[in-house]
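Have a look at the structure below before the remarks.
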Amino acid sequence: MPEAPPTAADLARAVRARETTPQALLEAARARAEAVRDLNALISLNERAGEGAERVRARLEAGETLPLAGVPVVVKDNINVTGTRTTCGSRLLANYVSPYDATVVERLTAAGAVIVAKANMDEFAMGSSNESSAAGPALNPWDRARVPGGSSGGSAVAVAATITPVSLGSDTGGSVRQPAAFTGVYGLKPTYGRVSRYGLVAFASSLDQIGPFARTAEDLALMMNVIAGHDPRDATSLGAPPAFRAGTPDDLRGLRVGVVRESLNGNTPGVEAMLEETLAALRGAGASVTEVSVPTVRHAIAAYYLIATPEASSNLARYDGMVYGERVPAPDVVTSMTRAREQGFGPEVKRRILLGTYALSSGYYDAYYSKAMKVRRLIAGDFARALADVDLLVTPTSPFPAFRRGEKTNDPLAMYAADVDTVAINLAGLPALSVPAGFETVDGVRLPVGIQFIAPALKDELLITLAGGLEGVGAVRAEVAPGYALTSNAVGG
Ligand code: GLN
């Protein structure tokens with residue numbers, strides 16, 4: 001069996017012990033990015049990463065102890081990094097260079113991380129397959145004919161194919177959890193407000209949250225300890241973040257887990273089997289498992305698309321080729337703006353702007369947007385009730401493993417339906433984690449299966465404690481896809 005690739009914790013330890021340097025790790029990450037270029041995980045490299053590595057070296061020299069010393073990190077291309085392009089996977093922003101760092105980037109850098117690259121994504125984070133990216137689709141390392149999930153597909157692939165041990169994505173309706181499930185790694189969507197959104201390009205502001213991908217619970221904890229916390233520049237950000245740590249099997253004893261009954265239908269046999277195995281492992285470790293009902297989740301997709309698209313139509317109004325995007329020469333300003341949007345946005349983004357504008361328009365507002373907001377309230381209430389009796393809820397992350405590229409591209413509703421297990425969590429503002437629970441063999445190919453755990457609001461730390469416990473009993477493990485296992489010792493390249 002190939003050796004396990006180094007984790008962020010391993011790399012930071014090695015850097016602090018002077019066994020390697022931030023420069024060597026940056027070189028190794030860049031070489032790895034080049035070696036797995038076929039997966040199209042990245043949109044651009046951070047040309048200034050060398051300066052970042054040098055600053056980390058100098059700070060270590062000065063005696064600082066940095067939790068992420070020299071750890072290379074990839075961030076989704078909708079998160080701003082000074083001096084790099086933020087394209088959001090869109091033609092419209094192909095040449096937009098950010099003049100500032102997102103708060104998460106500031107915090108990562110302060111902790112010693114080096115941002116090596118920007119990850120591929122569905123255009124403006126709208127999608128579940130990474131196929132709507134202007135940079136072309138990212139591919140799933142387990143089967144390159146399949147999607148890695150979306151919209152944070154590139155961030156998931158970067159970790160799954162070991163370009164970096166950890167990465168950041170954004171999750172508006174499942175965009176961290178579903179690609180984590182499809183590529184066999186962890187993906188966490190924190191409580192709304194837990195992580196600052198300052199410097200994250202807005203899709204649907206009341207739903208968007210930045211979250212980490214990782215291959216171990218320890219690395220998830222490391223990332224959350226760095227990125228969580230209040231930010232005066234994000235009015236919705238929360239204070240007093242908990243201390244995150246990977247738990248042990250002891251933490252599973254006495255845990256009350258509720259399986260969401262509504263998520264039990266329509267899953268593939270492999271997804272059903274992995275859910276059963278995970279539940280068996282929990283019982284074996286002394287947790288109790290009961291079935292609970294969250295009846296209104298069946299309305300979640302409808303409500304989500306009537307809330308996310310109106311917010312998107314407002315947020316995306318700024319892309320007019322004047323301040324953002326290329327100015328298109330035209331006889332008058334309205335024509336210029338129209339052409340910039342016509343040429344810059346892809347079909348999915350246009351569909352969502354149309355849908356969202358329609359749902360907000362006078363005469364339809366009450367029937368659509370305002371009704372969806374009422375449904376959102378009911379869903380949040382249902383979850384709160386369900387979580388009053390148990391510590392955590394569990395569902396599959398997706399009813400099926402990674403689907404084939406092109407399989408759902410001509411059927412937007414089928415693509416939207418892929419989010420059936422994830423969107424309700426964003427509507428309720430809750431934290432949820434997809435864990436790599438095992439595999440389903442489809443047409444002779446092993447494909448990862450993710451199981452989703454949902455915690456009460458503000459209890460994000462429970463999810464990472466749980467993940468450590470599940471790792472400890474061997475129920476959960478991130479594996480690297482066969483053709484992408486490391487062959488050399490990557491610590492120090
Ligand atoms: N797949 C969902 C959508 O297309 C969620 C996207 C996301 O979380 N950014 O809206």
Side-chain angles (χ1 to χ4, degrees), residues 75-79 88-90 119-133 137-138 147-156 167-183 187-190 192 195 197 200-213 300-316 345-356 359 372 376 397-400 402-403 407-409 411-434 450 452:
V75 303
K76 189 176 183 177
D77 206 26
N78 57 355
I79 297 174
C88 295
S90 181
N120 204 347
M121 57 182 283
D122 279 299
E123 187 176 4
F124 284 104
M126 298 172 185
S128 309
S129 69
N130 213 127
E131 291 169 290
S132 75
S133 171
V147 306
S151 63
S152 315
S155 303
S167 66
L168 289 183
S170 65
D171 190 312
T172 304
S175 280
V176 167
R177 291 161 286 157
Q178 184 251 24
F182 281 14
T183 58
L188 175 69
K189 183 257 171 218
Y192 183 77
V195 176
R197 290 179 294 112
L200 167 71
V201 176
F203 160 14
S205 311
S206 77
L207 303 162
D208 300 338
Q209 259 303 277
I210 291 172
F213 290 90
I301 291 186
Y304 170 82
Y305 279 93
L306 286 173
I307 289 170
T309 60
E311 292 190 26
S313 77
S314 307
N315 277 325
L316 270 59
F345 289 139
E348 182 60 27
V349 173
K350 285 177 183 160
R351 181 181 298 123
R352 302 233 184 164
I353 292 173
L354 287 170
L355 186 59
R376 178 179 194 171
T397 307
S398 158
F400 35 72
F403 48 89
E407 195 178 311
K408 299 185 195 290
T409 20
D411 185 352
L413 286 182
M415 192 71 90
Y416 298 173
D419 301 327
V420 64
D421 293 313
T422 50
V423 293
I425 313 307
N426 300 72
L427 291 170
L430 301 176
L433 173 68
S434 180
Q452 169 176 255

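Atoms within a ligand are numbered from 1 in the order they appear, just like the ligands themselves.
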S170 side chain to K76 side chain, donor-acceptor N/O pair below 3.5 angstrom: yes

For Y416, all residues meeting ring pair (Phe, Tyr, Trp, His ring centres under 6.0 Å), sequence neighbours excluded: Y305

Side-chain (N315) to main-chain (F203) donor-acceptor, under 3.5 angstrom: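 At least one qualifying donor-acceptor pair exists.
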
Neighbouring residues of ligand 1, heavy-atom cut-off under 4.0 Å: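 Ligand 1 is contacted, at a heavy-atom distance under 4.0 Å, by A125, M126, G127, S128, S151, D171, T172, G173, G174, S175, F203, Y304, Y305, R352, D419.
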
All side-chain hydrogen bond (donor to acceptor under 3.5 Å, both in side chains) counterparts of D421, not counting sequence neighbours: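 Here no residue qualifies.
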
Side chain to side chain donor-acceptor pair (under 3.5 Å) evaluation trace for S128 with Q178: CA-CA 8 Å; S128 309; Q178 184 251 24; 4.8 Å; no

Any residue meeting salt bridge (Lys or Arg N to Asp or Glu O under 4.0 Å) with D208, in chain and number order, not counting sequence neighbours: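 With sequence neighbours excluded, D208 shows a salt bridge (Lys or Arg N to Asp or Glu O under 4.0 Å) to no residue whatsoever.
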
